[in-house]
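Following: one structure in structure tokens, then a few remarks.
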Amino acid sequence: MKRTYAIDAIATIGEEITASGWVQSRRDHGGLIFIDLRDHTGILQLVITPEIAEAFRLAETLRDEFVISADGLVRSRAEGLVNDKIPTGGVEVVVSTLTILNRAEALPIQPFSDAQAGEELRLKYRYLDLRRPKMQKLLRARAEMFSQIRTFMENNEFIEVTTPILANSSPEGARDFLIPARLQPGKFYALPQAPQQFKQLLMVGGVPRYYQLAACFRDEDPRADRLYGEFYQLDAEISFIDDGEDVRRTFDPLIKQLATDFASKSLLSEDIPRISYVEAMERFGTDKPDLRFSMELVDLTDVFANTEFGVFKNADCVKAIRVAGGASLSRKQIDNFTEIAKNEGAGGLAYITYEAGVEKSPIAKFLSETELAGLRDKLQVTDGDAVFFGADRRMIVNKVLGRLRNEFATHFKLKDPNIIALCWIVDFPFYEWDETRRRVDFGHNPFSMPKGGLGSLDVATDEEKLAIVADQYDMVMNGYEICSGGVRNHNPEVLYKVFGLLGYDKDYVEAKFGAMLNAFKYGAPPHAGCAFGVDRMFMELMGESNIREVIAFPKNGSGVDLMMNSPSAVEPEQLKELGL
RNA sequence: GCGCUCGUAGUGAAGUUGGCCUAUCACGCCUCCCUGUCACGGAGGAGAUCGCCGGUUCGAAUCCGGUCGAGCGCGCCA
């Protein structure tokens with residue numbers, strides 16, 4: 001007897017096989033029973049006739065999702081009995097022995113219905129949800145992507161090193177998950193937000209090229225593109241390089257391969273553009289631009305330098321985006337976009353629509369003919385377009401128009417799901433202005449190298465500090481940040497200095513990063529690296545817009561695993577043992 | 001923490017300008033019939049305190065207030 005998956009039955013006509021799986025459906029004709037047997041390869045029709053009395057008796061009791069095994073002869077179906085809708089529709093198995101391996105109660109959700117259950121129930125009964133062909137496909141695709149990544153890394157001489165899950169709390173960054181240390185009462189481990197320090201220590205330890213498909217843990221509120229609690233990174237680091245471009249060039253082929261060979265998408269361009277942070281903010285209003293559509297921000301501050309229109313006159317900066325076909329937007333739709341603009345900090349949303357060569361707008365009458373002409377010229381306006389303005393402080397204008405650019409692209413369906421547009425955003429500012437605390441703070445990773453090294457840090461004013469550029473870079477895929485990396489700071493003097501500029505003294509730095517500073521005293525090579533958020537990248541490559549959809553057992557928005565009921569209370573004895 | 005949207009049989013939806021709702025439909029579930037179906041078909045049946053609490057009203061699934069839960073966004077995420 002030969003064990004067979006559903007799809008393999010096609011190749012075994014005339015043979016006796018054993019097929020196992022779930023009952024997808026039972027069609028009981030009284031004197032003849034058909035069973036659709038389902039496994040991960042598809043559906044196989046079983047035929048049970050009353051001549052085989054024992055099998056027939058069992059078949060009459062079958063219900064959806066019973067787990068069964070059937071022995072029988074594979075035969076071609078007669079003319080007219082072929083089912084063209086499934087690959088195995090030309091064959092069927094005449095059952096000689098039927099075994100019920102397990103029974104199933106009536107299901108709380110119907111995984112195979114067109115009307116899919118709500119997410120809450122799908123997560124609670126994830127093991128049923130995972131039986132759907134789509135989820136089976138996603139599980140296998142993720143394994144395939146991981147396999148291609150590992151092959152690529154190994155071909156490029158990276159070695160995988162696993163780093164501790166029980167690690168230290170990191171002072172910067174996200175909220176930590178803390179683990180009480182039983183053997184060290186009063187002290188705590190933390191789950192790593194990323195293996196950042198360990199991978200740098202591997203460089204000091206003489207590992208030239210490290211990678212890891214690393215679990216990372218952050219206790220921050222989730223989003224549609226951000227899982228709660230835990231996620232995976234392709235974490236990598238290379239020693240003896242001091243230029244981020246070397247890292248970027250290393251990974252360009254991998255990401256292109258995943259987009260084309262793995263996900264069967266088209267690249268917007270073979271060459272992956274490098275765009276500076278400042279340029280990205282000016283052109284797209286964001287540091288993670290979706291390049292599948294243009295609709296760039298155009299600076300009109302010059303055009304309106306001498307304007308009489310109050311809103312523009314009083315603004316530091318006036319910019320606009322041209323929305324092709326925007327003149328067709330209804331009043332109500334424009335109100336919706338205005339609401340979005342206001343949520344991003346805009347006072348309102350000025351706009352002009354162009355129809356039959358005439359401006360139609362609540363604000364056109366405040367603008368001179370020269371201004372209107374300059375505007376048309378700079379934005380290359382044609383009939384049917386609409387132009388939307390931002391006028392405020394430069395930072396707010398960029399943020400508002402950047403968000404609107406994205407919303408308009410969604411509204412006008414400019415985000416082609418078959419195209420992958422990649423870019424690297426480079427030269428992030430080392431420091432950022434923290435508006436709430438009214439002070440300069442780290443913009444990103446304090447471990448990255450300021451461009452220009454120690455010399456660049458010889459500054460005093462906040463303005464000068466904010467102008468320092470870090471050798472730090474992100475890769476962006478269709479508007480999602482999928483990678484972040486940098487040339488690391490392997491020089492203790494520079495590390496003291498970058499913290500010093502924020503008012504932290506040597507003792508603070510040593511207390512927080514003692515292990516790494518110590519290591520750097522004994523011969524640390526220059527090194528650089530990056531980390532890809534593989535779950536988010538996988539989501540976009542699969543054309544999904546919710547990251548939980550592509551993960552086997554995700555937690556919900558409140559950090560709860562609805563299936564396992566975690567987190568949960570623990571026994572008082574357990575707490576006592578931990579001294580809590 | 002804040003904003004927006006949502007919450008109706010096991011599941012997915014309709015009803016939400018108060019009364020015609022004794023709440024509709026599909027799928028699922030239960031009983032019976034049926035030898036070529038494949039979303040099998042046919043006959044019958046059970047199943048909902050309309051998330052929860054309170055209020056307005058002669059009357060609330062529907063209006064109001066509160067509360068709980070979910071999704072999305074903001075804050076947050078070096």
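First the proteins, then the strands, lettered A, B, ... as listed; each starts at 1. The structure displayed is predicted, hence computed values, not measured ones.
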Stacking between A/H29 and the base of B/rC34 (centre distance under 5.5 Å, interplanar angle under 30°)?
no
Whole-Å P distance, B/rC52 and B/rC68
15 Å
Could you tell me whether the side chain of A/R77 has a donor or acceptor atom within less than 3.5 Å of a complementary atom in the base of B/rU37?
yes
How far does the C1' atom of B/rU56 sit from the matching atom of B/rG65, given to the nearest Å?
10 Å
Using the C1' atom as the point on both nucleotides, what is the distance between B/rG54 and B/rA60, in whole Å?
13 Å
Kindly state which residues belonging to residues 84-93 of chain A come within less than 4.0 angstrom of RNA chain B, counting heavy atoms of the residue only, listed by number.
A/K85, A/E92
By the 4.0 Å heavy-atom rule, please label A/R122 as base, sugar-phosphate, or nothing.
nothing
Counting only side-chain N and O atoms of A/N556, is one of them less than 4.0 Å from OP1 or OP2 of B/rA70?
yes
Between B/rC25 and B/rU8, how far apart are the two C1' atoms, rounded to whole Å?
13 Å
Rounded off to whole Å, could you give me the CD-to-C1' distance for the A/Q45 and B/rA39 pair?
14 Å
In Watson-Crick or G-U wobble terms, with both distances under 3.5 Å, the base opposite B/rA60 is none
For B/rC38, give its Watson-Crick or G-U wobble partner with both distances under 3.5 Å, or none.
none
Which side chain to side chain donor-acceptor pair (under 3.5 Å) pairs, counting each pair once, include a residue from residues 30-40 of chain A, with sequence neighbours left out?
A/Q24-A/R38, A/S25-A/D36, A/R27-A/D36, A/R38-A/E65, A/D39-A/T41
May I ask you to say what A/E120 touches in the nucleic acid, namely base, sugar-phosphate or nothing, with a heavy-atom cut-off under 4.0 Å?
sugar-phosphate
Given A/F442, which of A/F447, A/F428, A/F499 fulfils the ring pair (Phe, Tyr, Trp, His ring centres under 6.0 Å) condition?
A/F499
Contact class for A/P108 (heavy atom, under 4.0 Å): base, sugar-phosphate, or nothing?
sugar-phosphate
At under 4.0 Å between heavy atoms, what does A/S558 touch on the DNA or RNA strands: base, sugar-phosphate, or nothing?
sugar-phosphate
Looking at every strand, decide which applies to A/R38 at a 4.0 Å heavy-atom threshold: base, sugar-phosphate, or nothing.
nothing
Please work out if A/L121 contacts a base, only the sugar-phosphate, or nothing of the nucleic acid, heavy-atom cut-off 4.0 Å.
sugar-phosphate
Considering only NZ, NE, NH1 and NH2 on the basic side and carboxylate oxygens on the acidic side, decide whether A/D474 and A/K288 come within less than 4.0 Å.
no
Among A/F231, A/Y232, A/Y480, whose side chain to side chain contact (heavy atoms under 4.5 Å, CB included) with A/R536 holds?
A/Y480
Suppose we define a pair by two distances each less than 3.5 Å, Watson-Crick or G-U wobble; what does B/rC27 pair with here?
B/rG10
Base, sugar-phosphate, or nothing for A/S25, non-hydrogen atoms under 4.0 angstrom?
sugar-phosphate
Strictly under 3.5 Å: I want the nitrogen or oxygen pairs between protein and nucleotides 73-75 of chain B, one per line.
| residue | atom | partner | partner atom | Å |
| --- | --- | --- | --- | --- |
| B/rG73 | OP2 | A/A224 | N | 3.0 |
| B/rC74 | OP2 | A/R223 | NE | 3.1 |
| B/rG75 | N7 | A/R223 | NH2 | 2.6 |
| B/rG75 | O6 | A/R223 | NH1 | 3.0 |
| B/rG75 | O6 | A/R223 | NH2 | 3.1 |
| B/rG75 | N1 | A/D221 | OD2 | 3.0 |

What pairs with A/D335 under salt bridge (Lys or Arg N to Asp or Glu O under 4.0 Å), at least two apart in sequence or on another chain?
A/R331
Assign A/E119 to base, sugar-phosphate, or nothing according to its heavy-atom contacts below 4.0 angstrom with the strands shown.
sugar-phosphate
Taking the C1' atom of each, how far is B/rA61 from B/rG18, in whole Å?
11 Å
Using the C1' atom as the reference point in each nucleotide, state the distance between B/rC33 and B/rG51 in Å, no decimals.
41 Å
So A/D28, base contact, sugar-phosphate only, or nothing? Heavy-atom distance under 4.0 Å.
base
Expressed as a whole number of Å, how far does the P atom of B/rC50 sit from that of B/rC38?
39 Å
Paired nucleotide for B/rA48 [Watson-Crick or G-U wobble; both distances under 3.5 Å]
none
Which residues share a side chain to side chain contact (heavy atoms under 4.5 Å, CB included) with A/P195, sequence neighbours left out:
A/T163, A/Y210, A/Q212, A/A214, A/C216, A/Q233, A/D235
Watson-Crick or G-U counterpart of B/rG1, or none if no pair lies under 3.5 Å:
B/rC74
Set of residues satisfying ring pair (Phe, Tyr, Trp, His ring centres under 6.0 Å) with respect to A/W424, sequence neighbours excluded:
A/Y473
Spacing of the P atoms in B/rC64 and B/rG7 (rounded, Å)
14 Å
